Amino acid sequence: MLDKTYRPAEVEERIYEAWERAGLFRPAGREHARPFCIMMPPPNVTGSLHMGHALTFTIQDTLVRWHRMRGEDVLWQPGTDHAGIATQMVVERKLAAEGRDRRQMGREAFLAEVWKWKEESGGQIVRQLRRLGASPDWRRERFTLDPGLSRAVTEAFVRLYDEGLIYRDKRLVNWDVALQTAVSDLEVQPIEVKGQLWYIRYPVEGEPGRFLVVATTRPETMLGDTGIAVHPEDERYRDLIGRHAILPLVGRRLPIVADPAVDPTFGTGAVKVTPAHDFTDFEIGRRHGLALVSVLDERGRLNDNAPEVFRGLDRFEARRRIVEELERLGLVDKVETHLHTVPHGDRSGTPLEPFLTDQWYVDAKVLAQPAIRAVEQGRTRFVPKQWENTYFDWMHNIQPWCISRQLWWGHRIPAWYGPDGRIFVGRDEAEARERARAHYGEEVPLERDPDVLDTWFSSALWPFSTLGWPERTPELARFYPTDVLVTGFDIIFFWVARMMMMGLHFMGDVPFRDVYIHGLVRDERGQKMSKTKGNVIDPLELIREYGADALRCALLASTSQGRDVRFGPGRVEGFRNFVTKIWNAARFLSLYEVSLDPAFDPSTGRIALNRWIVGETAKTASEVTRALEGYRFDEAARTLYRFVWDTFCDWWVELAKPLLTGEEEAVRRETRATGAWVFAHILHLLHPMAPFVSEELWQRLYGAAGGMLIVRPWPSLSLELVDREAEAELGWLVRTIGAIRAARTELNVPPAARLVLRHHGASPTTRARLARHEEAICRLARLERIEREPAPPSPHSLVVVVDETTFSLPVGEVIDLAKERSRLEKELQRLDAELGRLDAKLADPGFVARAPAEVVELHRERRAETLERRERLVEALRRIA
RNA sequence: GCGGGCGUAGCUCAGGGGUAGAGCACGGCGCUUACACCGCCGGUGGCGGAGGUUCGAAUCCUCCCGCCCGCACCA
């Protein structure tokens, strides 16, 4: 006997272990089965499960379980990402708390600490994924820094270098002065800040007393100015083009150049040009051959290119001092407050500096071309489709990808430098050495590049590196290209685009056929969840409180395509109730010793109720399947919810009760078998979304029958099981009971009052139905008995019209006649309004002529039915009046 | 500035040319041993606004308003 409520905490761990122990997460290895593969986007090792993870992994697990049940050879490849900056920061903070510093420790000792940390704390998210019910092939779990993947990274780097697609270049990068590393454009957070705009007077050379006023938000960079630019068509400055200004505080001669990048309407229309400290200025400088003078060091302090008094000052301190000095010299024309966006590092939160350094770059422009074509040709498809625009946009304007990071934690760049700085790239030091020897003709000392690669470089290889590339493994042959990638739109650029580029380049084919993009999980008010806002919901807490199935279903039901998910615990509670409902339906079935009969053939049922529910099951199965095929998880969840709760529990179970306790053995047997069959299908359909409770109930109710639910075949039912007649009969029954209940409630008939139901004008079909369902109707509508009434209804009755039948329920003197009259009149009004609409439509020659015949016919039928109902109602009203 | 999304019941959201839907919330009633994490009944909107296409529009088109998100950007 099942307990009264389902207690997920007592079930989930046991079930999960049973699956895993039985090896059911692994590809089945059936040769003829179609392979199906999802690459798990590797969460950061430092991470712990948040709602975004919960959503994405629930979706993936649902797909994976569904395909597994469809008999496919499923691989869900799991793993974690070493997350360069994030992890290094975590460990550095920990060390700092112990009073240690990585620079003092040295590279090797520090890395040993990181690895130690990873071994001890890095597995958290993987354990948490199990709590969610995720079923990837854990045996194949990978880590981006493990030997296999590291080898893939090195191989990819060397090949790209040899092909000229990776190169070293001196350019401006976004420099994080706190972390002292380059970061990519994508790691930049533009933050709006209220700053100031200083108007500074630069003396014009050779014209004492004349000044050129430039506006800047960053006065400290002026020490690196090497020019001034104006718009070529700006009349105000036309005479100055080609002449020079003198840089205050420094005395440098600044050529005044004309460049179309200058916006004549902003500030004074004249711009100081600091090519070493601004991306736009860098371009202007290049066009006009201006010098590059970098005045900052890697920690954001003024370097030796600055006048001596300013050297060593922090950039913001320097700004203050420079402005002071300019004011003293009377060179500040004016100061305005100015709202502008300043790039910040998304990890450190500090303002970034455009900084001139040598870095490694991937020639993304070249790699992007096949990746663009692949999506254009539909070889990879985004769902929802509108994300393709975002992808194309970025790919068409793609910039060189800076892949070097001044960190220690990560894949060290496989490049060595000769004594003259010449670069030798190799798979290992020996290869680099060999290449160096070939170049120099002798053995020379080599020094390895100290930097590591951007974490996304290794992630970009994930779809094939995890399958064994560069080896040509059987897994690679079988599972690449993978079927679908599930992820959020926030990493289309970071990751999806780069996997496309690398996959096409190294494997010659797209990494995945479909990219399913889901929304972000927000809080109930639509705010992004963040620790600082304090509005984060912890999925593990929800699992503890409501169970993993409830959380999963709530998430799935809330994700509509192309929309973010607003999420509150209320939703989970609703699905916890749903799970309990299912549990109790199972309890009901086991109470009547309903058990699966392998010989049961759903198409041979004789009882309308059973034929009906079988058909409804078939419809539901096909709808759920279709929903999943279209990545419509909300629809799948909703369909199942309605079927289980409304159709099966509220109607089939209630209507089956008299049959299950009835006299006829054949009826009892058929009803039991049907109930078992339907419920078994419910559990199958439910399993991808709610794996724990479905598996638990499957084993408790049907366990002996055929192994674990997780690997049972997905229902595929013919819609021929739908019986139109049974459908009509049950539809009528539901309407009739509903109408009687509504009338009772409306007239305040006490629920306990058992009434007699009289019918008048019923067709033979209806009379047969009434006879068949008498017991159920009486029970569900609280009736004493049903009898035929030769004449139209007597006064002191409630009147209910269903189709051609007039039902009356004598309620004696207690009935409030006035109230009943007004109820019927209201109903009459509604029918009249409806008739008016239908008549107007049918009278419209345009409608009759142009609308499809079926639609016109439908309207005619509707009109006839409405009219009939109306007549009966009028009749009933006359009797009462 | 470019691109995209959204505006439907009190709230969250489905629907997407042919009688407006769900969950939650709310109100009333609880007879009914699967379930109070429950049952029954009920009200609520005419689908942001204006125009157009159509026999017919919440659904398609145009414009407008409001909110949101990317990308680019003013030194």
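When reading the values below, keep in mind they use all heavy atoms of this one structure, side chains included, and skip hydrogens, waters and symmetry mates. These numbers come from a predicted model, not from an experiment.
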Participant: If you round to the nearest 0.5 Å, how far is CD of A:E827 from CD of A:E746?
Facilitator: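 Here the interatomic distance stands at 9.0 Å.
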
Participant: Less than 4.0 angstrom from a charged side-chain N to a carboxylate O is my criterion; do A:E834 and A:R870 meet it?
Facilitator: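 Looking at A:E834 and A:R870, the cut-off is not met.
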
Participant: Within this structure, what is the CZ-to-C1' distance between A:F575 and B:rU12, rounded to whole angstrom?
Facilitator: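 In whole Å, B:rU12 C1' lies 12 Å from A:F575 CZ.
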
Participant: Hey, what's the ring geometry for A:H396 with A:F392, parallel, tilted or perpendicular (30° and 60° as the breaks)?
Facilitator: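 A:H396 vs A:F392 ring planes: parallel.
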
Participant: Which of these nucleotides, B:rC69, B:rA14, B:rC35, is closest to any side-chain atom of A:E654?
Facilitator: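 Of all the options, the side chain of A:E654 is nearest to B:rC35.
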
Participant: Starting at atom CD of A:Q561, determine the distance to atom C1' of B:rG4, rounded to an integer number of angstrom.
Facilitator: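 Whole-Å distance recorded here is 15 Å.
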
Participant: Please give, in whole Å, the distance from B:rC24 C1' to A:Y546 OH?
Facilitator: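 It is 13 Å, rounded to the nearest whole Å.
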
Participant: Starting at atom NZ of A:K385, determine the distance to atom P of B:rG3, rounded to an integer number of angstrom.
Facilitator: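 Atom-to-atom, A:K385 to B:rG3, this comes out as 18 Å.
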
Participant: What interatomic distance, in whole Å, is found between P of B:rG21 and the corresponding atom of B:rC47?
Facilitator: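 15 Å, rounded to whole Å.
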
Participant: For nucleotides 70-75 of chain B, read 5' to 3', which letter fits each nucleotide if B means a protein heavy atom sits under 4.0 Å from the base, S means only the sugar-phosphate is that close, and - means neither?
Facilitator: -S-BBB

Participant: Mind checking the C1' distance from B:rA57 to B:rC71? Whole angstroms is fine.
Facilitator: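 That atom pair is separated by 35 Å.
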
Participant: Taking only the P atom of each, what is the distance from B:rG39 to B:rG49 in whole angstrom?
Facilitator: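 B:rG39 and B:rG49 have their P atoms separated by 36 Å.
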
Participant: Could you tell me how far apart A:D646 (CG) and B:rC35 (C1') are, to the nearest whole angstrom?
Facilitator: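 It works out to 15 Å between those atoms.
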
Participant: Classify the glycosidic conformation of B:rG46 as syn or anti, calling it syn when the angle lies within 90° of 0.
Facilitator: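 Here B:rG46 takes the syn form, which means its glycosidic angle is within 90° of 0.
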
Participant: Which whole-number value in Å describes the distance from A:R869 CZ to B:rU19 P?
Facilitator: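 In whole Å, B:rU19 P lies 18 Å from A:R869 CZ.
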
Participant: What integer distance in Å separates A:R571:CZ from B:rG23:P?
Facilitator: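 Rounding to the nearest Å, CZ of A:R571 and P of B:rG23 are 11 Å apart.
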
Participant: For B:rU12 and A:R566 - does any side-chain N or O of the residue sit under 4.0 Å from the phosphate oxygens OP1/OP2?
Facilitator: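 For B:rU12, OP1/OP2 do have a side-chain N/O of A:R566 under 4.0 Å.
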
Participant: When the P atoms of B:rU59 and B:rA20 are compared, how many Å lie between them, rounded to an integer?
Facilitator: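 Per the computed distance, 13 Å lies between those P atoms.
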
Participant: How far, in whole Å, is B:rA9 from B:rG23 if one measures between their C1' atoms?
Facilitator: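 So the two C1' atoms sit 12 Å from each other.
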
Participant: Tell me whether the OP1 or OP2 atom of B:rC69 has a side-chain N or O from A:R563 closer than 4.0 Å.
Facilitator: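 For B:rC69, neither OP1 nor OP2 has a side-chain N or O of A:R563 closer than 4.0 Å.
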
Participant: Taking any heavy-atom pair under 4.0 Å as a contact, classify A:R744: base, sugar-phosphate, or nothing.
Facilitator: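 Since no nucleic acid heavy atom lies under 4.0 Å of A:R744, the category is nothing.
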
Participant: Looking at every strand, decide which applies to A:R782 at a 4.0 Å heavy-atom threshold: base, sugar-phosphate, or nothing.
Facilitator: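 Answer is base: heavy atoms of A:R782 come under 4.0 Å of a base.
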
Participant: Take atom C1' in B:rC37 and the same atom in B:rG18, then report the distance between them in whole Å.
Facilitator: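 One C1' to the other, the span is 41 Å.
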
Participant: Once each nucleotide of nucleotides 36-48 of chain B is scored for protein heavy atoms under 4.0 Å, what B/S/- sequence comes out, 5' to 3'?
Facilitator: SBSSSSS------

Participant: If I pick the P atom on B:rU12 and the same atom on B:rG43, what distance separates them, to the nearest angstrom?
Facilitator: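 Pairwise P distance, B:rG43 against B:rU12, rounds to 23 Å.
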
